[in-house]
Each structure stands twice: as C-alpha cells, then as structure tokens.
Protein chains: 2
Amino acid sequence: MNQTNNPKKMFLEIVKQLRQLIADENVSVGGKLPSERELAERLQVGRSTIREALRSLELLGLIETRRGEGTFLSDYRKHRLVELLSTFILQESKSKEDVHITRQALEKDAIHTICNTERLYRLHIWEAFKEKLIKEEIVREDIIREIIIISDNRLGLKIWFLLKQFAGEPYRENMNLQEKSLWIQLLTSLQKGEEHQVFSLYYEWLLLINRGDV
Amino acid sequence: MNQTNNPKKMFLEIVKQLRQLIADENVSVGGKLPSERELAERLQVGRSTIREALRSLELLGLIETRRGEGTFLSDYRKHRLVELLSTFILQESKSKEDVHITRQALEKDAIHTICNTERLYRLHIWEAFKEKLIKEEIVREDIIREIIIISDNRLGLKIWFLLKQFAGEPYRENMNLQEKSLWIQLLTSLQKGEEHQVFSLYYEWLLLINRGDV
DNA sequence: TATTTATGAGTGGTCAGACCACTTTGTAAT
DNA sequence: ATTACAAAGTGGTCTGACCACTCATAAATA
C-alpha cells in the first residue's frame, strides 16, 4: 500500500528530537546532555528507546558517554565519517591498487597546493627534516604526513592516513641512501616551489619504492 | 588514570561481531539476518544490547528492519552517512572547504591518469557526450563521473561520490552555454591527451562555477 | 477441488523494573 | 581541617512482558 510501511520509527523520531533539544538548549561542545532517565520522561518514551537513539549517535561519534558521569556532546570534528567509510565501503574495493592510486592522488594534491599557495610554510618542511634526513633515522611517513598537514586539508589527511593503514604500505621502513638523497632533492625543490621538478622527483620516488611489487 | 575509561562497550563489540557474522555467513544484499532473539542467544547478550547495535546500523542505513518480518542487509549504496553527518557537521565552513579540495584532488588525478595512460578510452568520453553536450540536457555530474570511471579508480570514485553528496554541490544543475562550451573544449583536449591544456580549462571551470561562493 | 478464512508462530517495537559498576557529592567520624 | 564513608545519580545490561505486524499453515467454506 504505502511506500514506507513504517510510518513511525520511534527511535528515529527521538534522534530528531535530540538534535532539536541540543539546539534549543544551546548545548555546546563538551556540554552535558540530560540523563537517559530524564530524557525518557521528558520525551515520554521508555528509557530503552532513548538509549537506542543515543547509541546510534555515539556510533557516529557525535556524542560521548561516560559511565557514572553522563552523556556529552562531542566535538563534531571528531566525527567518524572516514572510519565508517573505511569499515563499510572500503571493503568492497579491496583492490590494493585503488588504494595506492587514491592515496597518491592526495599526496600529489598536497604537493600541488604547497607549491602554489603556501610560500610561507614551505620553509618549515625543509627545516623540520633537514637534520634527520641527512643524519639517519627517519621514515617516509613522517615526511609525507607533514606535507599533507601543511597543505591544510584535514579531511584529506584523514583519508590518507586510513588508506596508508589499510594498504599496509612499507611506509615505516627506514630509507636507504638513495631514497634519502631523492627526498633531499624533492624537499629542496618543494621549498623553492618548483612544482614540475617536485613531481618529477615524486614519480621517480614512486618507481624506486615500487621496484618490485604492485 | 587510563585515557579510555571504557575498556568495553558491549554494543560496539556487538556491532563488530555483527559485521563478522555477516561476512562469515555470507549474507548478501537484501539477505535476512538472524532474529534479534536468536542473535541475543548466539552472542550471549541481552536482546536490548543487540537492539542498540542494530539500531545504530539502521540509522546508518546499513540494515533495514521490517516489523513482523525481520532484519535485512541493505544495499550499502543506500547508506545515510552523508545526510546524517552533514546535518551535524557541515555547519563548519572549513569542513566544507576540505570536502571541496579533496574532491577536486580526485578529479584532477583522474584527468591526469587519463591523459597519461588511457589512450584507448579517451575516445569514449568524447563520443559518449558529444551529442548530449551540443544539444541540451546534461549535468556536470555525468561527465565528471564518467571521467573518474574511465580513470578506473573505483575507490576514488566511491569517495568522490560521497564527497559530492556531502558537499551538496550544484552538480546536478543544468549547464549554461558558457559552461558547455568550456566542457567541449576540455573534452576535446582530454581526448588528445593535452594534459596542460585540460588542467588549464579545468581551473577555468572551477572559477566559473564558484563565481560567488567559497 | 479450489478458494477463502481463521489461527498461531515468529518478528520487530516498546516499556517497566531490576541490578551492576562507576563517579560525584555531601556528611559524619576522626 | 582532613579523612572515611554513605548516598544519590548516571550509564550498562538483562529479563520479562506486551503490542502490532507478517506469513505460513490449517480449517472452513464454496
């Protein structure tokens, strides 16, 4: 008969009302929500229904609960978009190559961004890694992460971080002399904003670390 | 004392176990999950705990429940992540900008890939849209999606699709003459593999559609 | 026999009450 | 004034009980 055979899903209604309540009472980030028992009474539903709604929001990372204390509105910047994305969507396209490509897309974009807009910060990269690079112990991850951080795309950083984990990349290996040399050149060019040269070196690096696999 | 004072969150554990169960028993899209009462017994927890986990997944749109019938695994493409998070999160402009940037990174990477490797398929793009573009009704989304599809990065496509929804972009608007003209040029260049020219036009297009905002 | 109707088992939806574990706070003993 | 203890408040979980609904089966009917 009707397209949605469930005209009412109480717990969904509660989710909506909770949002309303948060807005109305101006609950700020970190602020405390009414207790489950109080909410049950105020919204005229059973406590279990309230809990179903709260647990849903908790899975999304929108609220935080602490036993014995209460329920708190969490920083919405801590949402789990990416995590949930990876959990439920990334599984389908297990293709390792897709992960590679996507991750590299983010890396390249960060490089592009830095070369074209962030003159001030380009210095930081080189300064931050100069000594470590020349001396010894440093892993690729630290450099690349820093590059993406400086490009100031937090969402991209999150996704990149996940993809890195997911692919089980050899990102934590120590670099040999050849690779270090390459990175020194790359960072030098990056500092100068020589985009073309940076990408040239980046691709050279990709060939170097993928000398066997993929 | 400890940073995470909640070592166990049963309902989160159940969410995990449900995923495992779905994988183990090879429940396919549209397939039926065990009843709540059976799950409670099998996983050795109360029915209310099972329900909290199921309701969380339902809010995400990952499962579908029908009273009197049961619980079913729903098409993952129907998930609600985007709507939900956008209502809570997207108020912050920086997030929105991050979404823009990340999405564009994927688009640019697809263009790059096509220009450099997919000689054979470049023809398809032009052929596929030639008539529609010149004639009339076509939305941006169709073209860009096709480009990413041809670049053959399925993961990138999924993420792009999500970000597009998330940002509520004007992707479904019809294009005016100026925009169409731009795309015709762009696709022509793309077909020839003239990367530099394609990017030039791409950036021109970005300026065009963002002529007011961002 | 074929069709309709009634029944009951199974399922999700909701509620109420009971504990438990934990935190905070206030009070009483020192 | 400090410490120790008790009580209240909170989330976490379980149990049992209904309700509303769907579906398969059996019974009654044509």
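First the proteins, then the strands, lettered A, B, ... as listed; each starts at 1. Only this structure's heavy atoms are used, side chains among them; waters, hydrogens and symmetry mates stay out.
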Can you tell me the distance, in whole Å, between the [atom1] atom of [X] and the [atom2] atom of [N]?
X: A:Glu52; N: C:dA16; atom1: CD; atom2: P; value: 14 Å
X: A:Arg55; N: C:dG13; atom1: CZ; atom2: C1'; value: 18 Å
X: B:Glu64; N: D:dT22; atom1: CD; atom2: P; value: 14 Å
X: A:Leu12; N: C:dG12; atom1: CG; atom2: P; value: 16 Å
X: A:Glu41; N: C:dC15; atom1: CD; atom2: P; value: 13 Å
X: B:Arg66; N: C:dG13; atom1: CZ; atom2: P; value: 11 Å
X: A:Leu54; N: D:dG12; atom1: CG; atom2: P; value: 9 Å
X: A:Glu36; N: C:dA16; atom1: CD; atom2: P; value: 15 Å

Taking distance alone, no hydrogens or angles, what donor-acceptor pairs closer than 3.5 Å link side-chain atoms of residues 34-41 of chain A to residues at least two apart or in another chain?
residue	atom	partner	partner atom	Å
A:Ser35	OG	A:Glu38	N	3.1
A:Glu36	OE1	A:Arg47	NE	3.0
A:Glu36	OE1	A:Arg47	NH2	3.0
A:Glu36	OE1	A:Arg51	NH1	3.2
A:Glu36	OE2	A:Arg51	NH1	2.9
A:Glu36	OE2	A:Arg55	NH2	2.7
A:Glu38	OE2	A:Arg42	NH1	3.2

Handout entry: A:Asp109 versus A:Ser151, side-chain donor and acceptor atoms under 3.5 Å
Key = no

Exercise for the section: Answer with yes or no whether B:Arg37 presents, from its side chain, a donor or acceptor under 3.5 Å of a partner atom in the base of C:dG12. Expected result: yes

[X]: which residues meet the side-chain contact (heavy atoms from CB on, under 4.5 Å) condition with it, sequence neighbours left out?
X: A:Ala53; value: A:Ile14, A:Val15, A:Leu18
X: A:Ile111; value: A:Cys115, A:Ile147, A:Leu190, A:Val198, A:Phe199, A:Tyr202
X: A:Gln44; value: none

Completion exercise
Residues in residues 43-50 of chain B with a heavy atom under 4.0 Å of DNA chain C, by number, are B:Arg47

Practice task
Using a cut-off of 6.0 Å, state whether more than 12 heavy atoms not belonging to B:Lys16 lie near its atom NZ.
Solution key: no

Completion exercise
Applying side chain to side chain donor-acceptor pair (under 3.5 Å) to A:Ser56 and not counting sequence neighbours gives none

Practice task
Apply side chain to side chain donor-acceptor pair (under 3.5 Å) to B:Gln20 and list each qualifying residue two or more places apart in sequence or on a separate chain.
Solution key: B:Asp24

Exercise for the section: Under the ring-ring contact (aromatic ring centres under 6.0 Å, His included) rule, collect the residues that match up with A:Tyr203, sequence neighbours excluded. Expected result: B:His112

Listing time: all N or O pairs from protein to nucleotides 7-9 of chain D that are below 3.5 Å?
residue	atom	partner	partner atom	Å
D:dG9	N2	A:Gly68	O	3.2

Problem - A:Thr71 vs D:dT10: side-chain N/O to OP1/OP2 distance below 4.0 Å - result: no

